[in-house]
Enquirer: 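Please see the structure below; I have some questions.
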2 protein chains.
Amino acid sequence: MLLKDKHLTLTRKITFMKKPTIKDVAKLAGVSFKTVSRVVNQEQNVSEEVKLRVQECIKQLNYQPNHTARVMRKSPFSLAFVYDNPNSHYVIEMQNGIISECRKQGFELVIHPTDSRSEEVGKELAAMINSSQIGGIILTPPLSENRELVTFLLNRDAKVVRILSGASAPDNLAPVVHVDDVEAGHKLTSYLLELGHKHLAFLGYHASHESSLGRLQGFKDAHEEVGARVDKNLIVDGEFTFESGMAMTKQVLSMSPRPTAIFACNDEIAAGAVFMARLKELRVPEDISIVGFENSPFSTQTWPHLTTVNQPNFEIAAAAAAMVIKMMQSKDVHSVDSSGFTLDVVLRDSASKPQNDK
Amino acid sequence: MLLKDKHLTLTRKITFMKKPTIKDVAKLAGVSFKTVSRVVNQEQNVSEEVKLRVQECIKQLNYQPNHTARVMRKSPFSLAFVYDNPNSHYVIEMQNGIISECRKQGFELVIHPTDSRSEEVGKELAAMINSSQIGGIILTPPLSENRELVTFLLNRDAKVVRILSGASAPDNLAPVVHVDDVEAGHKLTSYLLELGHKHLAFLGYHASHESSLGRLQGFKDAHEEVGARVDKNLIVDGEFTFESGMAMTKQVLSMSPRPTAIFACNDEIAAGAVFMARLKELRVPEDISIVGFENSPFSTQTWPHLTTVNQPNFEIAAAAAAMVIKMMQSKDVHSVDSSGFTLDVVLRDSASKPQNDK
DNA sequence: CTTTTTGTTGTCAACGTTGTCAATAATAAA
DNA sequence: TTTATTATTGACAACGTTGACAACAAAAAG
């Protein structure tokens, strides 16, 4: 019994063993701990021989630099993702994109959901930067559109990357990852026009929502390009929700001439539109074509699957993360350029040629 | 011009001013920095007078303890949320619940999406604990069901809280937040039976999915309670997706007698069921009642809105977070009890009395 | 052969905090 | 009043790491 206990204690000791530090590695390799630090940080001026030996010891001890100590001594190794977005799927994809980049580069992500309408958002973020030693921040709309906030953060010495979409020209406050909603709206509309649709409805216009403005701009541009007329009555104001999609669709279906195609500003609206069309005994796409935007799960959680525009959120976020990290690493802040993403149409089954085509 | 430049530099200096440290506060208050530390940590034995003065200075300088330094010196102040769940909405709600608790208590959250099927998941988590100085971990299904993994983590000296649902009896490995799927499935089924339905279909059984097992158990229990018979053919195996929901519904609708009510194992299946019912020219709920589970956004993104079971993910997550934090703070690990959540039915419009009731 | 340059390695302080323990002041007990 | 006790405060080391700089060895230049 006593023996067994002893054995247990021993095993415990082994499994509970302290995490190895840089000094443990140094002792094992027979060098000063500073040399190990050099190897770990891939600094110059370490002889090949020593480097190999140290790397061997690192592997052997399964040593991992202590993030915390590193951050304290050196520059921050964490970045924050700040968002205020009701769309879970969007947020998760962004998070995953950022995390994938962070893992590659040994950085850490702090997520910070917030309320963009709050007066306190600036203070709140400042506090977060402060206490969590955040070096960089990724902002999504609508926070990224808030110039005042961006300036405030820049003044706190944080690197900021803004993810922006929509029509408004980007300023030079901070690097931007721009999502070209205008062009995407243009492409998608052109597709519908080329199918032969003459009366397109645009659902989900929202004056304060940059993305919707961009998409609408593209919608108009595409019409203009082929000399088609945009019917102002078919541009409907509404929320980005299923319910609103149903309501807006009900409204446009009662108009005459009835539109043969619906450009929904996002997939959720489109899903609502599909549902309402069905309630009105219209077949999709035979009687009415409906397209969405975002390529969110909604687009395949309705029937038929939605033709939509793919928004590569993962990649966008990863790009933003790569930018912040680059900014954090180089002293020269303004060496980082903004980047842009163009979006592609995903053809599925909710749009086709109008049936009673003349 | 020169003067203006000078002024600019000055303003900059002010805005860029270094974050105040505990020593700055100490100097201002005329005490040693250790005393400030005591005030910050609400330790005993600080005279009321000094305490007030220090607090005043803290406010004045807008001092915030440096999380990083704290973690390094003391115990960890971060916890990790580890998940492998395709359901964005679920993950976001959980995250928000945990964050709300973390903010209250000054802790930090590290999110860690992972692949539960990977062989490396243990190693991966160990590395994370190590480098990020994680003190506690919250696991969700299916990771939380993996006893081996839990043991492994416990051996790494991490506090673990598991969120579990389903029918299987919890073990005593680590504290658990248990979600009572069985009882909820029972309640929801009883509701349908009380409405007068005789033929209920159960969609989304999945042998390896604890939640579905629990819900099915409740489904059976409720039948047994009132002496009703469960038709085995109406228990359909399938994924938790819209598409699978459509397919399973198609299958049960072709059976005879046709079920008058469908118990879908989650809202997504239910949404697919509603859609299929509609395709088959059945009205919901007049011709067929359909209920979901989870109260996810899907439940209101279909028409009619789904009667479902509310799963308070935010609260569940917050409870789990509170537990881990408590465990991290007290040395006495096993003072923390497990806790359980019961779920409530949300009555909406997708279920009613069967119409051709005898 | 000496001097300079270059490359490699080590020593030490510092980051901002908390734990330990000693020093002092205030209070209670003798 | 003196002593013992307690409450308050401070000095200092430590956590694991990196930056600055010094020390040394080797190679190049004179």
Enquirer: So, does Thr68(B) use its side chain to make a donor-acceptor pair with the main chain of Thr68(A) at under 3.5 Å?
Expert: no
Enquirer: Would you mind reading off the distance between Ile22(A) atom CD1 and dG19(D) atom C1', rounded to a whole angstrom?
Expert: 13 Å
Enquirer: Through what angle, rounded to 10 degrees, does the axis of the helix from dC1(C)-dG30(D) to dA30(C)-dT1(D) turn between its ends, using five pairs per end?
Expert: 50°
Enquirer: We want to know whether Glu124(B) and Ser118(B) form a side-chain donor-acceptor pair, criterion being a heavy-atom distance below 3.5 angstrom.
Expert: no
Enquirer: I'd like to check the side chain to side chain contact (heavy atoms under 4.5 Å, CB included) partners of Lys27(B); sequence neighbours left out, ordered by chain and number.
Expert: none
Enquirer: Check the distance between dT17(D)'s P and Lys19(A)'s NZ and give it to me in whole angstrom.
Expert: 12 Å
Enquirer: Is any NZ, NE, NH1 or NH2 atom of the basic residue among Glu56(A) and Lys59(A) found under 4.0 Å from an Asp or Glu carboxylate oxygen of the other?
Expert: no
Enquirer: Taking it one step at a time, do Arg162(B) and Asn146(B) satisfy side-chain hydrogen bond (donor to acceptor under 3.5 Å, both in side chains)?
Expert: CA-CA 10 Å; Arg162(B) 308 154 75 193; Asn146(B) 183 341; over 6 Å; no
Enquirer: Keeping the roles fixed (side chain from Asn155(A), backbone from Phe152(A)), state whether a donor-acceptor pair exists under 3.5 Å.
Expert: no
Enquirer: Report the distance from atom CE of Met72(B) to atom P of dT18(C), rounded to the nearest whole Å.
Expert: 12 Å
Enquirer: Would you say the side-chain atoms of Thr35(B) pair up with the backbone N or O of Val31(B), donor to acceptor, closer than 3.5 Å?
Expert: no
Enquirer: May I ask you to say what Val31(A) touches in the nucleic acid, namely base, sugar-phosphate or nothing, with a heavy-atom cut-off under 4.0 Å?
Expert: sugar-phosphate
Enquirer: Can you check the Glu49(B) CD to dA26(C) P distance for me, whole Å?
Expert: 11 Å
Enquirer: Going by heavy atoms closer than 4.0 Å, what residues in residues 35-48 of chain A are next to DNA chain C?
Expert: Thr35(A), Arg38(A), Asn45(A), Val46(A), Ser47(A)
Enquirer: Round to the nearest Å and state the distance from Lys23(A) atom NZ to dG10(C) atom C1'.
Expert: 13 Å
Enquirer: Can you tell if the side chain of Phe314(A) reaches within under 4.5 Å of the side chain of Met94(A), non-hydrogen atoms only?
Expert: no
Enquirer: Can you check whether Tyr83(B)'s main-chain N or O pairs, donor with acceptor, with Thr140(B)'s side chain at less than 3.5 Å?
Expert: no
Enquirer: Got a second to check how far Asn66(A)'s CG is from Lys19(A)'s NZ, nearest 0.5 Å?
Expert: 8.0 Å
Enquirer: Set out, line by line, the N/O atom pairs under 3.5 Å between protein and nucleotides 12-14 of chain C.
Expert:
| from | atom 1 | to | atom 2 | distance (Å) |
| --- | --- | --- | --- | --- |
| dA14(C) | N3 | Arg73(A) | NE | 2.7 |

Enquirer: Go through the structure and list residues passing ring pair (Phe, Tyr, Trp, His ring centres under 6.0 Å) with Phe341(B), not counting sequence neighbours.
Expert: none
Enquirer: List in numerical order all residues of residues 52-69 of chain B for which some heavy atom is under 4.0 Å away from an atom belonging to DNA chain D.
Expert: none
Enquirer: Keeping the roles fixed (side chain from Asn41(B), backbone from Glu43(B)), state whether a donor-acceptor pair exists under 3.5 Å.
Expert: no
Enquirer: Quick check: does any side chain N or O of Asp84(A) sit under 3.5 Å from a backbone N or O of Ser116(A), one acting as donor and the other as acceptor?
Expert: yes
Enquirer: Identify which nucleotide among dT17(D), dT11(C), dG16(D) has an atom closest to any side-chain atom of Ser32(A), counting heavy atoms from C-beta outward.
Expert: dT11(C)
